[in-house]
Amino acid sequence: MNLESLDKEYILHSYARNYTNFVKGDGAKLYSEDGKEYIDFGSGIGVCSVGHGNKELADAICDQASKLIHVSNLWVIEPQVKLAQKIVELSGFDMRLFFANSGAEANEGALKIARKYGQINFENKRYKVITLEHSFHGRTITTVKATGQEKMHTPNFSPYPDGFMHVKSIDDVYKSIDEKTVAVMIELVQGEGGVEPFKKEEIQKLAKFLKEQGLLLIVDEVQTGVYRSGEFLASNYYEIKPDIITLAKGLGGGLPIGAVMTSLKDIFSPGDHGSTFGGNYLSTRGALTVLDILQKEYNSGAIKKNIEAFNSNLEKIAASFTQFFEKSVGLGLMRGLRCKSGEIQNKIVSKAFEKGLIVLKAGRNTVRFLPPITISQDEIEDGFKRLELALMELKD
Ligand SMILES: Cc1ncc(COP(=O)(O)O)c(C=O)c1O
């Protein structure tokens with residue numbers, strides 16, 4: 001049986017898969033089994049923040065794997081502690097962290113923190129969390145329910161947990177707070193929901209209001225975090241101090257890791273939360289290396305340069321192909337082209353792939369770009385040439 005047949009035989013069919021078999025990567029380039037080269041403007045859905053085949057990351061993983069991979073959270077784990085310290089220092093926030101293995105798990109941790117806060121701080125035991133339309137917070141039963149996209153709440157997986165309310169806009173948050181509300185959970189740039197950033201003033205006003213009310217602001221930075229916005233956290237870019245922040249995706253450069261950080265430093269007691277794999281030697285040593293690499297790129301101005309180059313290419317494309325696009329959207333190296341229809345979006349993603357360029361789909365008919373943060377200027381130029389070729393062909 002070939003790989004496609006084996007996959008269809010043995011893997012549950014929860015993904016609409018493309019059967020290209022990638023065998024090697026180098027920076028923002030991927031190579032398939034048949035020797036074709038692709039520029040990867042998706043980086044594994046915002047995960048491979050330091051690119052593919054990164055030598056420094058690979059060396060750190062190999063070194064750690066040959067010493068210790070896992071001992072469990074019953075013992076202190078040196079790279080875990082160092083990683084937490086590094087994240088706190090880079091964020092500038094006075095917080096403590098819990099390490100998990102994915103974005104959804106990080107968000108589960110955030111929701112547990114919010115619920116415990118509601119239990120111990122309010123006589124009427126507040127527990128409700130408000131989230132926004134078009135949001136995406138994960139695929140566990142609870143984070144699916146937190147996700148504000150109606151299509152995700154299929155009866156197939158019901159009943160869902162209580163305690164979530166979805167509203168259309170930030171303005172609607174204010175009217176929807178009731179005597180049971182304990183927190184508001186948002187992405188600062190809605191990724192899956194169409195790479196849609198919120199306005200800075202709107203977010204700052206909300207953060208200030210919630211603080212005055214003693215309610216929590218949870219910022220889901222699973223996609224926006226770790227320099228994706230151009231700053232270490234999008235919360236830094238928005239100049240807010242959330243109570244709880246979640247991270248995953250780009251943090252491990254491909255290693256599975258998630259984290260929840262909070263200024264409620266004493267919220268958990270032993271037994272409140274846990275994870276067998278969360279924060280083990282391998283993932284935290286890898287994440288420490290990823291942060292070292294990205295911190296250097298940030299300090300040298302390379303990330304800023306990449307954002308400028310990426311965005312100016314994107315603006316040119318948006319202006320040259322107005323028959324396909326309504327506008328360009330996004331922030332930092334989290335960008336999108338809002339298409340005039342879902343059909344156009346699908347055609348562009350397929351045609352770009354044919355031309356050797358990987359781009360992603362997001363909600364609201366958006367073609368999405370999440371390149372490695374360390375992408376080179378040449379790779380940016382090359383990728384946009386391929387996109388232009390694809391669009392020229394679609395135009396004809
Ligand atoms: C904002 C946001 N939150 C949570 C998640 C879920 O992360 P994971 O797939 O690692 O569970 C995602 C994944 O796309 C995301 O973009």
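Ligands are counted one by one from 1 in listed order, and the atoms in each one are counted from 1 as well.
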Check: [X]/[Y] side-chain N/O donor and acceptor closer than 3.5 Å:
X	Y	value
Asn107	Thr143	no
Asp40	His52	yes
Arg335	Asn311	yes

Original post:
Distance from Asp162 atom CG to Lys128 atom NZ, nearest 0.5 Å?
Top reply: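 It comes to 9.0 Å.
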Of the options [options], which is the one that meets [X] in a side-chain contact (heavy atoms from CB on, under 4.5 Å)?
X	options	value
Leu132	Thr147, Val173, Asp172	Val173
Leu215	Ile130, Val129, Leu210	Leu210
Pro79	Leu288, Thr289, Asn280	Leu288

Short list, please: which atoms of ligand 1 are under 4.0 Å from a heavy atom of [X]?
X	answer
Glu192	14 (O), 16 (O)
Asp220	1 (C), 2 (C), 3 (N), 4 (C)
Asn107	3 (N), 4 (C)
Val222	2 (C), 3 (N), 4 (C), 5 (C), 7 (O), 12 (C), 15 (C)
His137	3 (N), 4 (C)
Phe136	1 (C), 2 (C), 3 (N), 5 (C), 6 (C), 12 (C), 13 (C), 14 (O), 15 (C)

Subject >> Aromatic ring proximity, centroids under 6.0 angstrom, Tyr227 and Tyr298 >> reply: yes
Subject >> Residue portion contacting ligand 1 (non-hydrogen atoms closer than 4.0 Å) for Thr246 >> reply: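 No part of Thr246 comes within reach of ligand 1.
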Original post:
If you measure from each non-hydrogen atom of Lys249 to ligand 1, which part falls under 4.0 Å: side chain, backbone, both or neither?
Top reply: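 Side chain only.
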Looking only at distance, does [X] have an N or O less than 3.5 Å from an N or O of ligand 1?
X	answer
Gln223	yes
Ala104	yes
Glu187	no
Glu105	no

Subject >> Ser102, Gly103, Ala100: member with heavy atom nearest to atom 7 (O) of ligand 1 >> reply: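 The residue whose heavy atom sits nearest atom 7 (O) of ligand 1 is Gly103.
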Original post:
Protein heavy-atom contact under 4.0 Å for atom 9 (O) of ligand 1?
Top reply: no
Original post:
side chain to side chain donor-acceptor pair (under 3.5 Å) with Glu192: which of Lys361, Gln149, Gln223, Arg364?
Top reply: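 In the set Lys361, Gln149, Gln223, Arg364, the residue that makes a side chain to side chain donor-acceptor pair (under 3.5 Å) with Glu192 is Gln223.
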Original post:
Can Leu282 be reached from Phe277 by stepping across I, L, V, M, F, W or Y side chains whose heavy atoms are under 4.5 Å apart?
Top reply: no
Original post:
Is the closest heavy atom of Glu221 to ligand 1 under 4.0 Å?
Top reply: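 It does not, in that no heavy atom of Glu221 comes within the 4.0 Å cut-off of ligand 1.
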